[in-house]
Every structure is written in structure tokens, then in C-alpha cells.
Amino acid sequence: MNPLINLTLLSSMIAGTTLTMTSHHWVSAWLGLELNTLAIIPIISKTHHPRATEASTKYFLIQAASSALVLLSGIINAHLYGSWDISQLSSDLSKIMLTTALATKLGLAPIHFWLPEILQGTPIFTALIVATWQKIAPMALFLTISDLISTSITLTLGLMSIIIGGLGGLNQTQLRKMMAFSSIAHLGWMITMTTIAPNLTLLNLILYISITSSTMLIMHLTMSKTLQNAMLIPSHSSTASNIFLLSLLSLGGLPPLSGFTPKWLILQELITHNLTPLASMMAITTLLSLAFYLRITYISTMTLPPSTTTLKNTWRFKPHLNTSALPLFSLITVFLLPITPMMTQ
């Protein structure tokens, strides 16, 4: 793709997300979502592969339908109550439609079916954008209307997403599909807190983006797409192999890594609100996600493939890739837990 076109699309994507995050009017929020969607479609389909074309078509249909629901909910609320302000959503029908639309855009269960297929049909770096940046605008709208949504709905969506995200990743051999189900499970943790403690949702989103970026940048660097490819990561770089191990364990929420921070604070907040059974179910079902994270770490860092000349020299045949952002994300992935008490005071 022409670098100028690529820069234009990325700038449009950033502008769309920023417009949605700063909007107080339904039409401007919808325009931001549409701009975001139209900018990412050419990026998804730029490889001209049939799988990429299929993924871009699916993504466009899903996002267009959910954006139409967002606009329709704003129109219904304006028709009934005369207000286009996002924070003054009064119609119950509008609330239901908007929650459904945002859950679809985020890929929450039970409307999650599109996310694994789209991540599988795109290059790893494009999948990283879909799994991280594209979640910011819908999550910003969720946080804006968090005090208007029923807590029971968000808790149900969150628990279903954690369960399905864990179960869906267990039988996968494709790393991008595993990361898609990991995204669904982490979004479940975030949505659980939107109506109880929105600040924890924001913290969880920032950490999720950082840890997922660290993990998928290493997959991009080593061109790892399947579990079989993950076995060859040490032949590319022992440092990348170690960072990959720590990133996956941090995604699983193991102390003393940064991924433990949001899970610890969320479980503590749920227990404070007398939701101990829900906290127990979330803690138990997240072990499903941890199972396939440990599966990847075992294959990628604790086993040795047959040592042939081709395997030893795979680093000779890979292109030069820019990894300037990887050290920053790796530091956030590993070292945030010790300063958590300072952040929560």
C-alpha cells in the first residue's frame, strides 16, 4: 500500500476514535464510529488474499449494522425526549439497543462470533489493531453511559464473555484465534466493572492493550501464526522468547506480573459490593484462559524442536521489522504490579 494512503487511513482511524471519545452528541459519536470503520476496512483487505477480503466484508457488515443501531437508538431517544445528549439517554428501548450495538462492536458474548474469524483472516499487525485500538471508541461510549445501564446486564455479559473466551481458546491451534478469545475474556472483565467502578475498567483496558501489544508484536516479529510456529520462537531470539513467556503469563493474570493488577482489584471490588459468588465464578472460569496461555508457553519456551539447519537459521530469512514499541509495552507488561498500591491510594 502507498505510504501516503496508509498514513491517511491511520490518521482517519485515530481521528474517528478521538471524535467518538470526545462527543456529547449522538450524531458526532456515530460519525466517529463510521470514520473508524471505513478507515480500517482497506487496512484489513490490503493483502488481496481471499481470507482478507472475507474478513473485511464480515467486519464491514457487523460494524455497519451495529453503527446503525447506535444511530437508531439516538434517534428514538431524541424523538421521545427531545435530547441528542449522550448522557441523557432516557428511553429504555434506546438503552437496550445501544447496549446491544456496543456489545457487538466490542465482540462480547454472545455476539462474539465475528472476532476470531476476522483476526484469523488478517496479518498479525492488522489483527493487533483490530484487537486493541478498535476497542477504544466503543468502550468510551460504554463508560459514558455506564450509570444508565443495568448492573445485572453488564455482569451477565461479562461472565458469559469470560466463560466463552476461556472455552473457545482451549481447542485452537491458531495463535490469532487464541488471542481473539483472549480478547473476549478480557473484555468480560472490563464490562463487569463498567457500572460498579468505571476507573477499574479504564485501568484494565490500558493494561490489556499494553500486554496484548507486547504479545502480538513478538508474534509479528517472529512470524508465528500457529502453535507449531511458536515452537521456533527461541531460534529467532532468546530474548523474544523470554518476553513472550512473561507476556502470556501476564495475560493470564499471574503475580507478580502486571496482568494480576486488574484482576486483583476487580475481585476486591466485587467482594466489597457483596458479589462474592460472582467473583468466585470469575476467578474459577479465568483458569480456562490460563490453560491455553500455559499451553503456548510450554510449547514456545519449554520444548526444543528437532535441531535441523533450517530451523537454526530461520532468522536469516525473515525481513527487518521495526520493534521500537516493544520495549515500552514489555516494561508495562512486567513491572506495573509493584507500584499498584501507589495507584490505588
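Note that this is a predicted model, so its numbers are computed, not measured.
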Determine the minimum heavy-atom distance between [X] and [Y], stating which atoms define it.
X    : Y    : value
A137 : L33  : CB-CD2, 3.9 Å
A140 : M21  : CB-CG, 3.7 Å
M282 : L270 : SD-CD1, 3.5 Å
S152 : S150 : OG-OG, 2.8 Å

Separation between [atom1] of [X] and [atom2] of [Y], rounded to the nearest 0.5 Å:
X    : Y    : atom1 : atom2 : result
L38  : S12  : CG    : OG    : 9.5 Å
L248 : M179 : CG    : CE    : 7.0 Å
I86  : T144 : CD1   : OG1   : 6.0 Å
F113 : I184 : CZ    : CD1   : 11.0 Å
I233 : N242 : CD1   : CG    : 11.0 Å
L102 : I145 : CG    : CD1   : 5.5 Å

side-chain hydrogen bond (donor to acceptor under 3.5 Å, both in side chains) contacts touching residues 161-175 (sequence neighbours left out): Q120-Q174
For the residue pair [X] and [Y], confirm or rule out a side-chain donor-acceptor distance under 3.5 Å.
X    : Y    : answer
Y59  : Q134 : yes
T154 : T195 : yes
S67  : K105 : yes
S28  : S23  : yes
S183 : Y208 : yes

Quick check against the 3.5 Å criterion: does [X] have a side-chain atom that pairs as donor or acceptor with the backbone of [Y]?
X    : Y    : answer
T194 : M190 : no
N77  : W84  : no
T126 : T122 : no
H25  : V27  : yes
R176 : L128 : no
W114 : T104 : yes
S214 : I211 : no
T301 : Y298 : no
K135 : L106 : yes
S83  : D85  : yes

Looking at K225, I'd like to know if its NZ atom is crowded, meaning that more than 12 non-hydrogen atoms belonging to other residues, nucleotides or ligands lie closer than 6.0 Å.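 Counting other residues, nucleotides and ligands, NZ of K225 stays at 12 neighbours or fewer.
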NE2/H24: more than 12 non-hydrogen atoms of other groups inside 6.0 Å: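 No - once you tally the heavy atoms of other residues, nucleotides and ligands closer than 6.0 Å, there are 12 at most.
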Show which side-chain atoms of residues 287-294 pair as donor or acceptor with protein atoms under 3.5 Å away, not counting sequence neighbours.
unit_1: Y293; atom_1: OH; unit_2: S182; atom_2: OG; d: 2.4

Check the pair N204 / T201 against side-chain hydrogen bond (donor to acceptor under 3.5 Å, both in side chains), numbers first and verdict last. CA-CA 5 Å; N204 200 346; T201 299; over 6 Å; no
I want to check something: taking the side chain as every heavy atom from C-beta on, are [X] and [Y] in contact at a cut-off of under 4.5 Å?
X    : Y    : result
L159 : L155 : no
E269 : I266 : no
I162 : M281 : no
I129 : I40  : yes
I5   : L9   : yes
L119 : K177 : no

Before you tell me yes or no, could you show the steps for E54 and K58 under side-chain contact (heavy atoms from CB on, under 4.5 Å), namely the whole-Å CA-CA distance, both residues' side-chain angles and the distance that decides it to 0.1 Å? CA-CA 6 Å; E54 178 188 352; K58 288 179 179 178; 2.9 Å; yes
